[in-house]
Amino acid sequence: MQTEQQILSQLNEHQKESVIYCDGPQLIIAGAGSGKTRVLTYKIAWLLTHYNMKPWNILALTFTNKAAKEMKERIAQLVGQQRAQQLQMGTFHSIFAHILRVEATAVGYGSDFTIYDETDSRSLLKNIVKEMGLDDSIYKPANVHSIISNAKNRLLDVNQFAVHYSNSSNTNHDLTDLPNIYLTYQQRLVQANAMDFDDLLFNTFLLLRDHPDVRAKYQQRYQYVLVDEYQDTNFAQLQILQLLTEHNPHVCVVGDDYQSIYAFRGANIGNILNFNKTFSNAKLFKLEQNYRSTQNIVAAANSLMKHNRQQIAKNVFSRNDEGDKVVEWETISDKREATVVCHEIKRLMRAEGLHYSDFAILYRTNAQSRTFEEEMRKPEVGLGSHYQIYGGTSFYQRKEIKDVIAYFRLVVNPSDEEAFRRIINYPTRGIGNTTLQKIVVTAQRDNTSLWDVINHPGEHLLDVNKGTMTKLSNFTSLIDSFIQRLHTNNALQLAQSIIEQSGIKKDLAVDSTPEGEARRENIDSLISGIADFVDSQMEASLADHALLTDYLSTVSLLTDADNTDDSDDKIKLMTIHAAKGLEFNTVFVVGLEKNILPSIQAAEGNQLEEERRLLYVAITRAEKHCYLTWAHARWRYGKMDPFVEPSCFLDDIDPTFISKKSEGGSAMSQGRPWENDGHSRPWSDNFEIDQPYTGFHAWGDGYRKASNRMQNSRPVAGQFMADMKPKITGPHRREEAVNPFSQRMEEKLKSTGRWSRVSKAMANGGRLATSDASASSYSMANGQQLKVGNVIEHSRFGKGTVTAMTGTGENCKATVEFEETGTKQLLLKFSHFTIVG
DNA sequence: CACGTCACTGTTTTT
DNA sequence: CAGTGACGTG
């Protein structure tokens with residue numbers, strides 16, 4: 001807990017002004033590394049302490065769950081756990097989903113609506129296109145969805161879209177049926193009691209616009225509204241923000257137009273550029289001092305941005321050391337690029353005593369991670385257990401996980417069409433495509449859900465033979481038996497029953513391949529995740545309130561990024577998008593090539609400017625060292641492209657701040673190196689080679705074979721880290737070393753057998769054994785040795801003294817008086833704590 | 001209806 | 001290359 005004066009003393013003048021000003025709409029332009037998160041968290045602390053606001057009256061909207069979680073933790077350090085916990089803080093999507101569950105009937109939904117993810121939306125669209133007799137190679141589901149998504153982000157309903165679409169001069173006339181598809185898509189969503197991501201915004205807008213009583217309620221609740229990453233908001237989000245604050249001047253938005261990298265998803269940079277017009281009497285604040293990076297890095301990044309037209313004038317500067325120049329490194333091939341990067345990492349570790357976690361490799365597309373993964377896993381490189389890939393195939397995208405979740409979805413919301421389709425014949429139960437089509441046709445004729453048809457086949461005159469009918473009725477009674485238990489069993493019990501009784505467990509058990517093993521472990525990880533969810537719900541509310549419904553509504557909006565932990569000492573590999581908000585001692589931005597960065601899709605105009613901002617974000621993640629690498633030859637789409645050109649952005653950066661390196665030295669500039677005879681080692685004088693020279697057939701047969709070998713030995717599930725903690729960002733990185741939260745998190749990781757199991761299985765995709773020396777586990781059984789009088793440190797409630805113990809075994813409960821948060825009952829089976837006295 | 005084989009196609013970023 | 005869909009066979 002800190003006093004007002006302590007809070008203010010940790011801020012510079014501009015930060016302080018931004019924190020203290022609470023008299024009206026406020027836009028804070030916060031340059032990279034300028035302490036944006038610090039200002040937001042301190043401002044919220046200020047509202048709580050100086051103005052005595054109730055935490056539940058403060059709404060703070062972020063772009064990612066991760067950012068919300070991190071901010072909550074940092075606020076907790078300032079004002080205590082309890083108040084931080086009660087803040088209304090989360091992503092637009094999660095906060096609005098929550099509101100919509102409460103107000104569901106007002107927008108024509110049931111409160112157990114499913115949230116369709118991208119895959120569900122595309123799959124539904126694909127079905128619709130087929131049903132309408134259209135060609136899905138013209139109406140590509142992904143493309144159609146992005147058009148509909150854009151329309152929804154601009155709050156165009158079907159009718160408005162149709163008008164808009166027919167009037168639009170640049171209409172692609174091949175796609176005249178788009179309005180019809182949108183119409184059907186929307187009808188089917190409603191029929192399935194499902195919303196897609198965009199509906200969460202659209203329906204919230206409609207709810208607030210059309211229901212004055214509801215609007216008044218939330219206007220009253222949210223007395224101060226703060227928005228992070230404002231440059232990434234879209235039209236719909238702005239409209240909602242305006243509705244929520246129409247009578248309320250207490251709006252604070254923070255952003256950086258330089259870091260707007262989500263226009264492709266509808267983000268409107270105009271929101272930040274026009275803030276002062278949208279909100280009258282708005283006041284502008286600028287944070288321009290970068291505390292993160294060296295002067296050279298900041299200057300290089302600034303010089304790049306001079307080439308963008310659309311921007312708010314600003315002068316980002318650093319008073320840190322001048323530092324090294326940004327290194328531009330030209331390599332012969334993508335494989336060599338990976339080699340160079342790994343070498344450089346090892347060299348810097350030796351030279352400067354850096355840790356693995358000081359490094360990040362950032363790329364434009366997820367596919368680029370592969371070359372680096374393969375390089376690091378070579379025995380002679382020896383980095384196989386020291387890296388961690390973010391993103392890629394998310395845990396929740398894995399087939400086996402989606403299958404299980406589909407069961408959950410159907411049980412919670414039987415109308416869910418996509419879930420139904422996914423599991424009606426998984427595990428195989430003899431209900432094939434023919435039967436499914438009959439069900440679909442019947443459902444459409446009778447204007448009802450697929451579930452309703454098989455649940456009441458007689459009423460709907462479903463025409464299938466007797467054997468099939470038996471199979472269907474077995475399926476419905478199975479699902480029904482789960483539905484019966486929905487409100488009596490907790491999420492964990494029900495989930496386990498579903499996995500067993502559905503036959504999923506058995507189906508996976510017979511698979512003795514390593515892939516099957518990995519799938520089983522993924523399922524175990526999911527179960528562990530549910531156990532942990534139940535645990536946190538029980539601790540938080542002490543009610544029997546951890547139902548499958550609750551789990552599902554949380555999990556639908558989770559992404560793998562929300563569960564990744566940076567506290568491990570690992571080299572981080574991720575897309576530039578995923579790196580936003582993070583910082584690293586040393587950053588390698590790789591693949592700086594034409595058609596990669598900038599992407600082939602974004603060759604000109606606004607899109608090119610966005611790509612340039614993307615590079616800006618990447619460079620400004622670096623504190624001390626920044627490398628920009630590119631390769632002359634790249635293996636892509638199963639083919640070698642030997643004529644790669646460097647990115648045009650490399651020429652945009654002022655050469656004063658760059659030092660150029662090239663693998664081939666002068667040989668490179670004299671001609672294409674692959675035109676050499678293949679027996680020289682043109683790059684050898686630049687650094688030592690620690691692998692056998694393979695010559696230029698590197699992109700001939702040998703290359704391909706090597707690549708296949710790697711492919712076969714790759715972990716099936718890829719890499720995924722469970723429940724990890726975001727890195728604390730902010731100007732003063734040093735505070736991280738003593739950040740109590742990091743320590744607490746580590747304790748948490750070590751304190752439960754469950755955690756190490758989860759993180760290990762997920763991190764390794766079930767197969768790849770990494771070095772995991774730290775996991776000294778403290779199992780829950782030990783927790784039962786707890787005695788009255790013990791002092792414990794709880795992962796959420798802090799320090800407290802045990803005053804009573806009840807129950808035995810599974811049901812062993814402790815009554816604990818926490819210093820900060822009062823008396824709680826802990827079910828030991830589920831609690832995370834360590835005994836400290 | 002299940003399963004295996006084969007050809008095709010598409011690859012940006014993500015709440 | 002990898003994931004998907006079409007098609008043929010058991």
Side-chain angles (χ1 to χ4, degrees), chain A residues 61-68 90-97 115-119 121-123 126 130 136-137 140-143 145-146 149 152-153 195-201 228-229 232-234 236-237 260-267 362-368 370-371 390-394 396-397 399 425-437 464-465 467-468 471 556-562 574-580 591 595-603 607 610-611 613-615 617-618 635-640 703-704 707-708 710-712 714:
Chain A
L61 297 166
T62 63
F63 194 60
T64 63
N65 292 303
K66 190 172 165 181
T91 61
F92 280 89
H93 293 267
S94 68
I95 296 275
F96 294 166
I115 298 169
Y116 272 12
D117 68 12
E118 187 86 20
T119 319
S121 296
R122 287 184 187 176
S123 156
K126 190 168 195 168
K130 277 189 189 163
D136 71 352
S137 64
K140 292 175 190 152
N143 189 23
H145 184 232
S146 97
S149 174
K152 287 185 177 181
N153 286 160
M195 297 191 197
D196 65 14
F197 283 136
D198 307 309
D199 287 336
L200 294 176
L201 304 181
D228 189 16
E229 306 278 17
D232 289 327
T233 53
N234 60 34
Q237 286 161 330
S260 161
I261 54 174
Y262 285 98
F264 73 91
R265 213 176 65 191
L362 308 182
Y363 34 77
R364 180 65 175 83
T365 67
N366 276 307
Q368 288 167 262
R370 182 163 201 142
T371 331
Y390 283 52
T393 313
S394 149
Y396 300 107
Q397 296 297 111
K399 183 195 174 299
N425 198 33
Y426 176 79
T428 50
R429 50 175 68 85
I431 303 171
N433 208 256
T434 317
T435 309
L436 179 59
Q437 285 319 310
V464 294
N465 64 40
T468 306
K471 290 170 186 164
S556 328
L557 288 169
L558 280 187
T559 61
D560 52 342
D562 301 318
M574 65 184 90
T575 62
I576 300 172
H577 283 89
K580 196 161 76 154
N595 295 346
I596 293 184
L597 182 61
S599 141
I600 191 163
Q601 297 263 37
Q607 288 186 315
E610 175 145 322
E611 298 285 307
R613 291 193 294 267
L614 202 50
L615 179 56
V617 169
W635 184 252
R636 271 178 106 185
Y637 323 131
K639 269 190 189 151
M640 172 56 70
Y703 192 106
R704 192 174 301 114
S707 178
N708 285 341
M710 288 311 298
Q711 177 53 28
N712 291 338
R714 219 170 163 249

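Given the structure is predicted, the values throughout are model-derived calculations rather than measurements. So you know, we letter chains A, B, ... as the sequences are listed, proteins then strands, and number each from 1.
The side-chain heavy atoms of A:Ile596 and A:Gln368, taken from C-beta on, include a pair separated by under 4.5 Å. Within the 4.5 Å cutoff, side-chain heavy atoms of A:Leu201 are placed close to those of A:Phe96.
Using atom P as the reference point in both C:dT4 and B:dT13, the two lie 16 Å apart (nearest Å).
As a whole-Å value, the separation of A:Leu201 CG from B:dT14 C1' is 13 Å. The interatomic distance linking A:Phe197 (CZ) with B:dT13 (P) rounds to 16 Å, in whole Å. Taking atom CZ of residue A:Arg636 and atom P of nucleotide B:dG10, one finds them 16 Å apart after rounding to whole Å. Separating the OH atom of A:Tyr390 from the P atom of B:dT15 is a distance of 14 Å, rounded to the nearest angstrom. Protein atom CG of A:Leu200 is 19 Å distant from nucleotide atom P of B:dT14, rounded to whole Å. If you take CZ of A:Arg429 and P of B:dA2, they are 11 Å apart, rounded to a whole angstrom. Atom CG in A:Asn143 sits about 10 Å away from atom P in B:dT11, given to the nearest Å. Atom OH in A:Tyr637 sits about 15 Å away from atom P in C:dA2, given to the nearest Å.
OP1 or OP2 of B:dA2 sits under 4.0 Å from a side-chain N or O of A:Asn425. A sub-4.0 Å separation between OP1 or OP2 of B:dT14 and a side-chain N or O of A:Thr64 is absent. A close approach under 4.0 Å does not occur between any side-chain nitrogen or oxygen of A:Asn65 and OP1 or OP2 of B:dT15. A close approach under 4.0 Å does occur between a side-chain nitrogen or oxygen of A:Asn366 and OP1 or OP2 of B:dT14. A:Ser599 has no side-chain polar atom (N or O) that falls below the 4.0 Å cut-off from OP1 or OP2 of B:dT13. Contact annotation: A:Lys66 side-chain N/O to B:dT15 OP1/OP2 distance is not under 4.0 Å. For B:dT15, neither phosphate oxygen OP1 nor OP2 lies less than 4.0 angstrom from any side-chain nitrogen or oxygen of A:Ser94.
Of the candidates B:dT14, B:dC3, B:dT15, the closest approach to any side-chain atom of A:Thr428 belongs to B:dC3. The listed nucleotides are B:dT14, B:dT15, C:dT4; the one nearest the side chain of A:Lys126 is C:dT4. Side chain of A:Lys130, nearest nucleotide from B:dT13, B:dA2, C:dA6: C:dA6. You'll find that the side chain of A:His577 is closest to B:dT13, out of C:dG5, B:dC3, B:dT13.
For A:Ile261 and A:Thr434, each mapped to the nucleotide of DNA chain B holding its nearest heavy atom, the one lying further toward the 5' end belongs to A:Thr434. Where A:Ala142 and A:Arg265 meet DNA chain B, the nucleotide closest to each residue was compared, and A:Ala142 sits on the side nearer the 5' end.
No engagement by A:Glu610 is indicated, since no non-hydrogen atom pair under 4.0 Å with the nucleic acid exists. Looking at heavy-atom distances under 4.0 Å, A:Lys399 makes no contact with the nucleic acid at all. Within the 4.0 angstrom heavy-atom criterion, no nucleotide atom of any strand lies near A:Phe92. Contact annotation for A:Lys639: no contact, since no heavy-atom pair falls under 4.0 Å across all strands. Contacts of A:Ser137 with the nucleic acid, taken as non-hydrogen atoms under 4.0 Å apart, are absent.
Residues passing the salt bridge (charged side-chain N to carboxylate O under 4.0 Å, His left out) test with A:Glu229 are A:Lys36, A:Lys580, sequence neighbours excluded. Residues meeting the salt bridge (charged side-chain N to carboxylate O under 4.0 Å, His left out) test with A:Asp198, sequence neighbours left out: none.
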- Query: Could you go step by step and tell me if A:Leu597 and A:Ile576 meet the side chain to side chain contact (heavy atoms under 4.5 Å, CB included) rule?
  - Reply: CA-CA 11 Å; A:Leu597 182 61; A:Ile576 300 172; 4.0 Å; yes
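The six-membered or imidazole ring of A:His577 lies near that of A:Phe264, with a centre-to-centre distance under 6.0 Å.
Across A:Ala97 and A:Ile115, no two heavy atoms sit closer than the pair CB-CD1, 4.2 Å.
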